[in-house]
Amino acid sequence: MNAAIRAVVRTSLGRGVEVIGFHHGYEGILKDESFLMDSKSVGGIIDRGGTLLRTARSKEFRELEGRQKAVQVLHKNKIEGLVVIGGDGSLTGALALHEEFSFPVMGLPGSIDNDISGTDFSIGFDTAVNTAVEAIDRVRDTAYSHERVFVIEVMGRKNGFIAVEAGLAAGAEAILIPEVPYALLDICHQLKSSAEKGKRSSIIVVAEGAARAVDIKDFIERNTGFELRYLVLGHMQRGGTPTAFDRVLALRLGAFATNRLLSGFTGEMAGVDGTKLVSHPLSYVLSTERTIDPDRLLLAEAMAI
Ligand code: F6P
C-alpha cells in the first residue's frame, strides 16, 4: 500500500496538484486527521509493509449521517477528489461517496486475499503468498526429516486464493479452501496409501475459512494413527517487505488511478488484466464475485498423486 500512496502523491505533485492525506481511513476523515503530503513525506516507504497512513474500521461512516459529515470534512479541506485503497469495505465506502454525493473517487484494490473483482491481482497478495510459501518451505524441512504430516493454515476468511497459490508453489499434497467441499476421510486414505508407497511426509494447506488447522490435524490423527503437527501463519502474511511484483503493481495502479481521477473519471477502480492496466466501475467491481481459476485446482489435484 505504501508504494501505491507514493505513486498517488508523486503523480499528483508532478501534475501540479496538492495532496492531502488522511490517517485512519474513513474514521480519519470523520475526525479530520488530514495533513499535507509533499514528495518527501512518501520517501523511504516503498520497501515497507502496512500503510504509513494507518487504517481503521469506521462504524460511523457506514451510516448515511456519517458519510454526510465526511463529505463536509472533505469540502472543508478543499478536497476535489479522493483515492481510496482497500478491500470490500473501503471500496463500498468509495462507491457510496460517488453515488450519494457525486464526490469524485477512484479505488485501488488493496487486499492480501485477492478476492476483488476487476483485477487479476490486488496489492499485497503476491507478498502474502510469497511469505506463506517461504514459511511452508521451512516447515517442509522438518516434515521431511521427521517424516511427519503438517497442516498449515493460511489467511482467507471467505476464499482460498492464498491457499491455492501458496499450496501450488510449495508443492502441498492437499489444499483445502472454503469454495470447494472436501472429504477429510479421502485425505486420510490418500495419506495412508502414500505412506504405504514410501512417502513419509506431507503438507496440507488449509485456508482459515475452510477449517481450523488444529481440527484437521485432530481428525487425521484419529483416522490414520499418524502423529501430525499444525501451524497457523496468521498475521505474518499481512506484513514484511513487499515483493518487487507488489511494489511495481502498486506504483502502476496508483499512478494510473490518479491520472484518471485528474482527467475527470470517477466511481471506478483501477486494476490489471494480464499486463494491461484497466479501470472498471466500482458498481461492477462490488457486484461481481471473483472466483478461483478451476485449472489451478485441477493442477493441484494432478500434482498430489
Ligand atoms: O480480509 C483480509 C484478511 O487478511 C483475511 O484473510 C483475514 O481473515 C482477515 O483479514 C484478518 O483480519 P483481522 O486482522 O481484522 O483479524
Side-chain angles (χ1 to χ4, degrees), residues 1-5 23-28 48-62 84-95 107-136 151-170 172 175-180 204-216 230-243 245-246 249-250 253 269 271 282 285-293 296:
M1 287 207 206
N2 281 324
I5 296 165
H23 282 123
H24 302 116
Y26 296 124
E27 191 64 15
R48 280 171 46 200
T51 159
L52 106 154
L53 292 176
R54 319 276 175 102
T55 183
R57 302 196 197 284
S58 177
K59 266 198 192 150
E60 197 181 343
F61 189 81
R62 286 202 198 134
V84 174
I85 313 172
D88 199 50
S90 313
L91 298 174
T92 302
L95 179 61
L108 290 175
S111 168
I112 63 163
D113 288 352
N114 210 29
D115 58 346
I116 304 169
S117 287
T119 186
D120 288 344
F121 294 101
S122 48
I123 299 163
F125 174 66
D126 188 66
T127 304
V129 168
N130 277 287
T131 304
V133 169
E134 194 191 327
I136 300 168
V151 183
I152 304 184
E153 183 182 311
V154 297
M155 272 186 166
R157 202 155 26 203
K158 295 190 199 130
N159 56 70
F161 290 99
I162 296 179
V164 169
E165 215 65 9
L168 276 173
I175 303 171
L176 310 180
I177 57 172
E179 296 93 327
V180 179
I204 297 169
V205 172
V206 55
E208 63 180 328
R212 292 194 318 156
V214 62
D215 295 335
I216 304 277
Y230 78 96
L231 184 72
V232 179
L233 297 186
H235 286 81
M236 67 177 285
Q237 295 155 96
R238 275 257 199 98
T241 309
T243 59
F245 179 91
D246 255 335
L249 173 76
L253 291 176
M269 185 198 79
L282 281 164
V285 168
L286 291 162
S287 59
T288 319
E289 207 180 319
R290 206 177 119 75
T291 51
I292 302 255
D293 169 14
R296 278 176 151 68

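Atom set for the values below is all heavy atoms of this structure, side chains included, hydrogens, waters and symmetry mates excluded. First listed ligand is number 1; within each ligand, the first listed atom is number 1. What you are looking at is a predicted structure, and each value in this text was computed from that prediction instead of being measured.
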Go through ligand 1 atom by atom and flag the ones less than 4.0 Å from a non-hydrogen atom of [X].
X      : value
Ile112 : 4 (O)
His235 : 13 (P), 14 (O), 16 (O)
Glu208 : 5 (C), 6 (O), 7 (C), 8 (O)

Quiz item: Hey, mind stepping through Ile85 and Thr51 against side-chain contact (heavy atoms from CB on, under 4.5 Å) and telling me if it holds?
Solution: CA-CA 10 Å; Ile85 313 172; Thr51 159; over 6 Å; no
Quiz item: Are more than 12 heavy atoms from other residues, nucleotides or ligands located less than 6.0 Å from atom CZ of Arg290?
Solution: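 It does: Arg290 CZ has more than 12 such atoms within range.
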Quiz item: Tyr230: what forms a ring-ring contact (aromatic ring centres under 6.0 Å, His included) with it, not counting sequence neighbours?
Solution: none
Quiz item: Taking both backbone and side-chain atoms of Gly156, is any N or O found less than 3.5 Å from an N or O belonging to ligand 1?
Solution: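 Checking ligand 1 against Gly156, an N or O pair does fall under 3.5 Å apart.
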Self-check item: For atom 1 (O) of ligand 1, the protein heavy atom that lies nearest, with its residue and separation
Solution: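 Of every protein heavy atom, Asp113 OD2, 3.0 Å lies nearest to atom 1 (O) of ligand 1.
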Quiz item: Are the side chains of Asn114 and Ile162 in touch, meaning some heavy atoms are under 4.5 Å apart?
Solution: no
Practice problem: Please work out which of Arg57, Arg238, Lys158 has its closest non-hydrogen atom nearest to atom 11 (C) of ligand 1. | Solution: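 Of the listed residues, Arg238 has the closest heavy atom.
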Practice problem: Any chance you could lay out the side-chain hydrogen bond (donor to acceptor under 3.5 Å, both in side chains) test for Thr243 and Asn130, step after step, and finish with the verdict? | Solution: CA-CA 8 Å; Thr243 59; Asn130 277 287; 4.9 Å; no
